[in-house]
Amino acid sequence: MKRKSYQGLTFRQYIEKSQIDERVEALGARIAADYEGKCPLFLCVLNGAAPFAVDLFRATDIDAEISFIRLKSYEGTSTTGKIKEVMGLIDDIKGRHVILVEDIIDTGRTMAKLIDDLRAKQPASIAIATLLFKPDALQVKVDPDYIGFEIPKKFIIGYGLDIDGLARNLKDIYILDEEA
Ligand code: IMP
Ligand code: MG
């Protein structure tokens, strides 16, 4: 069992790259079938979703485009706490079929806010593709269309997911090992 340490915490290998690849290929095939002739726009939410978005895009064998956005966090005055603002959306998404690509949906707050902001720009449709989904952590209604893996409410790193900026370059996905 492979282990990695970051910030004094131990993580154990949880999903191998070969399993990720297999899942990404299957999702790409589904997206290709669902979006044939629609030229979807993959919108990758930086930084975490970058490896997944690029791999998923390559696994989708139809005409499609990819673009990248960032979310800027700021403290909201409301009780919802941290709200995030979309940065860097240079594409006109009006009338486009948008596939939002995220690394992980935890509470769902980020995705819910992002979808609200994007809806205002009148795309033809918005779908959500997320590599990881923690259904037990969900606090708002978010219903991903394409899910890589459903996982327990634990901290995950690797394949784009970070701990304080590190571990994004791990090929496999690791989970916090609370027994270690
Ligand atoms: P949400 O708004 O609670 O759904 O959180 C989404 C964001 O929190 C993700 O885009 C990640 O950046 C971060 N996040 C949530 N869970 C994890 C995790 O297990 N590992 C690393 N980042 C996480
Ligand atoms: Mg993220």
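Residue numbers start at 1 and run along the sequence shown. No experiment lies behind these values; they were computed from the predicted model shown. Keep in mind that the numbers below use all heavy atoms, side chains included, and drop hydrogens, waters and symmetry copies. Counting starts at 1 for both ligands and their atoms, in listed order.
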**Prompt:** Does D162 have a non-hydrogen atom less than 4.0 Å from ligand 1?
**Reply:** yes
**Message:** My understanding is that we take every heavy atom of each candidate and find the minimum distance to atom 2 (O) of ligand 1. Doing that for I156, T110, L161, which one comes out nearest?
**Reply:** T110
**Prompt:** What do you reckon, does Q139 put a non-hydrogen atom under 4.0 Å from ligand 1?
**Reply:** no
**Request:** In plain terms, say whether K134 and D106 are close enough for a salt bridge, that is, a side-chain N and a carboxylate O under 4.0 Å apart.
**Result:** yes
**Prompt:** Does even one non-hydrogen atom of D103 get within less than 4.0 Å of ligand 1?
**Reply:** yes
**Asked** What about the rings of F57 and F42, do their centers lie closer together than 6.0 Å?
**Response** yes
**Message:** With a cutoff of 4.0 Å, is E102 in contact with ligand 1, counting heavy atoms of the residue only?
**Reply:** yes
**Item:** Smallest separation among heavy atoms of D91 and S67, with atom names
**Value:** OD1-OG, 2.6 Å
**Prompt:** Should G48 be listed as contacting ligand 1, given a heavy-atom distance under 4.0 Å as the test?
**Reply:** no
**Asked** Can you list the atoms of ligand 1 that are under 4.0 Å from a heavy atom of K154?
**Response** 19 (O)
**Message:** Is the contact between K134 and ligand 1 made by the side chain, the backbone, both, or neither, using heavy atoms and a 4.0 Å cut-off?
**Reply:** side chain
**Prompt:** What class does the angle between the rings of H97 and Y35 fall in, given that below 30° is parallel, 30 to 60° is tilted and above 60° is perpendicular?
**Reply:** perpendicular
**Prompt:** Are R12 and K2 close enough, and set up right, to give a side chain to side chain contact (heavy atoms under 4.5 Å, CB included), and what steps lead you there?
**Reply:** CA-CA 6 Å; R12 62 182 162 81; K2 281 201 248 174; over 6 Å; no
**D63, CG atom: more than 12 neighbouring heavy atoms under 6.0 Å** = no
